[in-house]
Amino acid sequence: MQANELLDVIFRWAHLIAGIMWIGNSMLFNWLDRNLIVPPAGDGHRRSQGKIYMVHSGAFYEVEKKLLAPGELPDQLHWFKWQNFLTWLTGISLLVVVYYMNGAAFLIDPSVRAMSQGEAIAISAGTLVAAWAIYDAMWMTLGRKLPGVATALSFALLFGAAYGFTLLFSGRAAYIQTGVMMGTVMTGNVWMRILPSQKELIAATRAGQEQDPTLSLRAKQRSIHNNYLTFPLLFIMVSNHFASTYGHHLNWLVLFAVMVGGAGVRHFMNVRYAGKVWLFPALAMAAIGVGGMMGVTRIREAPAVTIEGNVDFARALDIIQKRCVQCHSARPSDPQFPIAPGNIQFDTPERITAMAARIKDRVVVNKTMPFLNRTQMTEEERAELGKWVDLGAQLR
Ligand code: HEC
């Protein structure tokens, strides 16, 4: 195992664990908030915001959400901040290991836009910083007076950035870059806006004062933003498994549909506890996400070349040996892939025919193979290989 792959495994594993803890916590608290049994007004529970009883792990939990009287502050108070920080840190580490190192080979796609490793990293890292700065400044100013306008602008900026990334980076990197950008904004919200508000609450409680409610309202607003971003973000994080999404020529449109659908599902899960109709609207939003993904990925690019007549196995093999075995063989010659990626090897006719359907998908339909077209496959060769599969992937 190479150092690069080892770091990839370690960071990815930790990222998943931290991410489950962070998002899991945040969903649990959201759920708690929405299920509190709120005490009737004026019955002496002035500071209480509600109670809830749960059963889990062999006993009952009685949880009350409330403000504390001065001096009532316990010695041990649990925060939930490191889960988020570790998720972000391991995510950024993954971005560096997978996308910035090795000449930024996964980030740059010369057929999308040729650039140097330095340029690609500068754009990627720069847009992350800029995204937080613009978003935060907007919500500190415009967002205070006209939250509706700020919301619309935030969506426009997010979609604009995602679209822009597809014009700059490889498809899979464009998706991930969008996800890292959302995750960075979410982490900024936690550390720069939500945690300071909680510190204020503690300080105010200690001093026996009421907390400035605007601060907690602003923190709540950021927390809602994070809440809506979770579902789209989680799709992006697994999108690298689905070449027909990020590899599609309208990959940005697929992403828009999934983001709208995902955030929409989250919305109706949120309003559920306000006693509103939620199941059918949530299903409708899921249909927008999944249906959009299905619909858009069905749009085919007009074939650049059409092949008349038969393409036999000898010709298919010829193409594969010229364009694929550099990576997909028992001993790849491409220095970046000392082991065949995904253990896909094209050394025997049987292994080739067994993969015929995937080959057509990756080479002809979404053109995500050869990897970043590093072996300079031509449109003609793609069409020929596709035709061979269409004719039944025969061994003659
Ligand atoms: C420069 C290296 C490289 C070359 C050349 C290359 N591939 Fe790949 N291939 C990869 C990598 C990396 C992966 C795994 C990542 C991914 O799926 O995008 C992969 C994965 C695949 C998969 C499996 C993924 C799936 O969706 O099931 C198929 C099929 C595939 N390649 C076919 C081909 C064919 C056919 C060619 C030649 C036309 C080719 N590759 C040329 C690097 C390469």
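In each ligand, atom 1 is the first atom listed, and ligand 1 is the first ligand listed. The shown structure was predicted, so the numbers you read here are calculated from the model rather than taken from an experiment.
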Flag [X] as yes when one of its N or O atoms lies below 3.5 Å from any N or O atom of ligand 1, and as no otherwise.
X    : result
T375 : no
Q326 : no
D334 : no

Check the side chains of [Y] and [X] for a donor-acceptor pair under 3.5 angstrom, ignoring hydrogens and angles.
X    : Y    : answer
N366 : S244 : no
Q336 : R374 : yes
S154 : W139 : yes
Y99  : S124 : no

(message) Please give me the minimum heavy-atom distance between H248 and I299, naming the atom from each residue.
(response)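 Residues H248 and I299, closest heavy atoms: NE2-O, 2.8 Å.
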
Is it true that [X] and [Y] make a salt bridge, defined as a side-chain N closer than 4.0 Å to a carboxylate O?
X    : Y    : value
R315 : D312 : no
K367 : E379 : yes
R331 : D347 : no

Looking at [X], which atoms of ligand 1 are within less than 4.0 Å of one of its heavy atoms?
X    : value
R323 : 5 (C), 37 (C), 41 (C)
I344 : 23 (C)
F371 : 1 (C), 2 (C), 3 (C), 4 (C), 6 (C), 7 (N), 12 (C), 42 (C), 43 (C)
M377 : 38 (C)
M355 : 29 (C)

Shortest protein contact, [atom] (heavy atom only):
atom                    : result
atom 15 (C) of ligand 1 : R172 NH1, 3.8 Å
atom 16 (C) of ligand 1 : R362 NH2, 3.4 Å
atom 19 (C) of ligand 1 : M369 CE, 3.0 Å
atom 2 (C) of ligand 1  : C327 SG, 1.8 Å
atom 26 (O) of ligand 1 : R358 NH2, 2.3 Å
atom 36 (C) of ligand 1 : C324 SG, 2.7 Å
atom 14 (C) of ligand 1 : P341 CB, 3.8 Å
atom 35 (C) of ligand 1 : V363 CG2, 3.4 Å

(message) Are I23 and W82 connected into the same hydrophobic cluster when the rule is that any two of I, L, V, M, F, W, Y join if their side-chain heavy atoms are below 4.5 Å apart?
(response)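 Shared cluster, yes.
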
(request) Supply the atom-to-atom distance E200 CD to T214 OG1, rounded to the nearest 0.5 angstrom. (result)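 E200 atom CD to T214 atom OG1 measures 9.0 Å (nearest 0.5 Å).
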
(message) I'd like the atom name of the N/O/S atom in H328 lying closest to atom 8 (Fe) of ligand 1.
(response)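 Closest to atom 8 (Fe) of ligand 1 among those atoms: NE2.
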
(request) Heavy-atom distances under 4.0 Å are what count here, so tell me which part of Q336 touches ligand 1: side chain, backbone, both or neither. (result)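 Contact part for Q336 vs ligand 1: neither.
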
(request) Pick one of side chain, backbone, both or neither for how P370 approaches ligand 1, counting any non-hydrogen atom pair under 4.0 Å. (result)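 Within the 4.0 Å criterion, P370 contacts ligand 1 through backbone and side-chain atoms alike.
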
(message) Can you tell me how the ring of F256 sits relative to the ring of W252, calling it parallel under 30°, perpendicular over 60° and tilted otherwise?
(response)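 Ring orientation of F256 relative to W252: perpendicular.
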
(message) Does the plane of the ring in Y246 sit parallel, tilted or perpendicular to the ring in Y175? Use 30° and 60° as the thresholds.
(response)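 Ring orientation, 0 to 90° scale: perpendicular.
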
(request) Report yes or no: does a heavy atom of Y246 sit under 4.0 Å from some atom of ligand 1? (result)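 It does, in that a heavy atom of Y246 comes within the 4.0 Å cut-off of ligand 1.
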
